[in-house]
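First comes the structure, then the notes that go with it.
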Amino acid sequence: MNLAEKVISTKRIYDGKILNLRVDTVLLPDGREAKREIVEHKGAIAVVPLLDTTKVLMVKQYRRSAGEVLLEIPAGVMEKDEDAETSANRELMEEIGYKAGKLTKMCSTFLAPGYSEEMLHIFLAEDLVPARAKADDDEFIEVVTIELNDAVKMIRSGEIKDAKTASGLLMAQQMIGELK
C-alpha cells in the first residue's frame, strides 16, 4: 500500500527568524483531500558535553514557551550553510565556553514529524578544551556541572523535562556503558 500523500497546493502563513509556517493541501492515498500545517525549520543540534566519563556540563535557561527555567544540554539552531558538526562546536563555545576535542554523532531525529520538518542532530562531546565565542545577545544562561547518573535520575523524577536533553543524556549513558 502506498501511504505517501501528494501536495496539491501550499499556502505560506508566516516567515520568521527561526521557523516558517505553511499549510499544505494534500491528496490522501484514498483520494480524499486534507490540510497539513507544517513548521519549516532549518535544523538544530544538541550536545552532551562530558568533562570526564561521569560529569556533564548543562545549561539552565528560562524558556518562554515552557514558562520556566529548564535544565538542558547545550543546543541551538543551525546557521545557514552550516553543517551539524560545525554548529555543535559553535553552540558549545557560545553556551558553555568549550570546544570538543572529540565530537561523536549519536543520532539524527525528527523533533515532531506530525507537524515539523525540524531534524535534530545529537552529539557526544569529549576531550573538552576551553574556547569562548560571543554568546547570543538575548540568551541568559547558567552553566552547571552534574554527574551523568544524577542527570538521568532527574529525567525519571521529572526535573529534566526537555526531550532532546533526555534523549541525549540517555544515549550518552548507554554509549559510555558500552565503552567500559
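In what follows, every heavy atom counts, from backbone to side chain, and hydrogens, waters and symmetry copies are set aside.
- Other residues, nucleotides and ligands contribute over 12 non-hydrogen atoms within 6.0 Å of the NZ atom of Lys105.
- Between Glu117 and Arg22 there is a salt bridge, with a side-chain nitrogen of the basic residue lying less than 4.0 Å from a carboxylate oxygen of the acidic one.
- The side-chain heavy atoms of Leu169 and Met58, taken from C-beta on, include a pair separated by under 4.5 Å.
- Atom CG of residue Asn20 and atom CD1 of residue Ile13 lie 11.5 Å apart, to the nearest 0.5 angstrom.
- The local environment of CZ in Arg32 is sparse, with at most 12 non-hydrogen atoms from other residues, nucleotides or ligands closer than 6.0 Å.
- The 12-atom threshold is exceeded at OH of Tyr62, counting heavy atoms of other residues, nucleotides or ligands nearer than 6.0 Å.
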Query - side-chain contact (heavy atoms from CB on, under 4.5 Å) between Ser167 and Ile122, intermediate numbers included - result: CA-CA 8 Å; Ser167 296; Ile122 304 176; 4.1 Å; yes

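- The stretch residues 154-168 participates, sequence neighbours left out, in these salt bridge (charged side-chain N to carboxylate O under 4.0 Å, His left out) pairs: Glu68-Lys161, Glu72-Lys164, Asp162-Lys164.
- The two residues Asp83 and Met78 have their closest heavy-atom pair at C-CE, 3.7 Å.
- Annotation: side-chain contact (heavy atoms from CB on, under 4.5 Å) contacts of Leu170 (sequence neighbours excluded): Val152, Ile155, Gln173.
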Query - Evaluation steps, side-chain contact (heavy atoms from CB on, under 4.5 Å), between Leu70 and Thr165 - result: CA-CA 10 Å; Leu70 297 180; Thr165 298; over 6 Å; no

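- Atom CD of Glu147 has more than 12 neighbouring heavy atoms from other residues, nucleotides or ligands inside a 6.0 Å radius.
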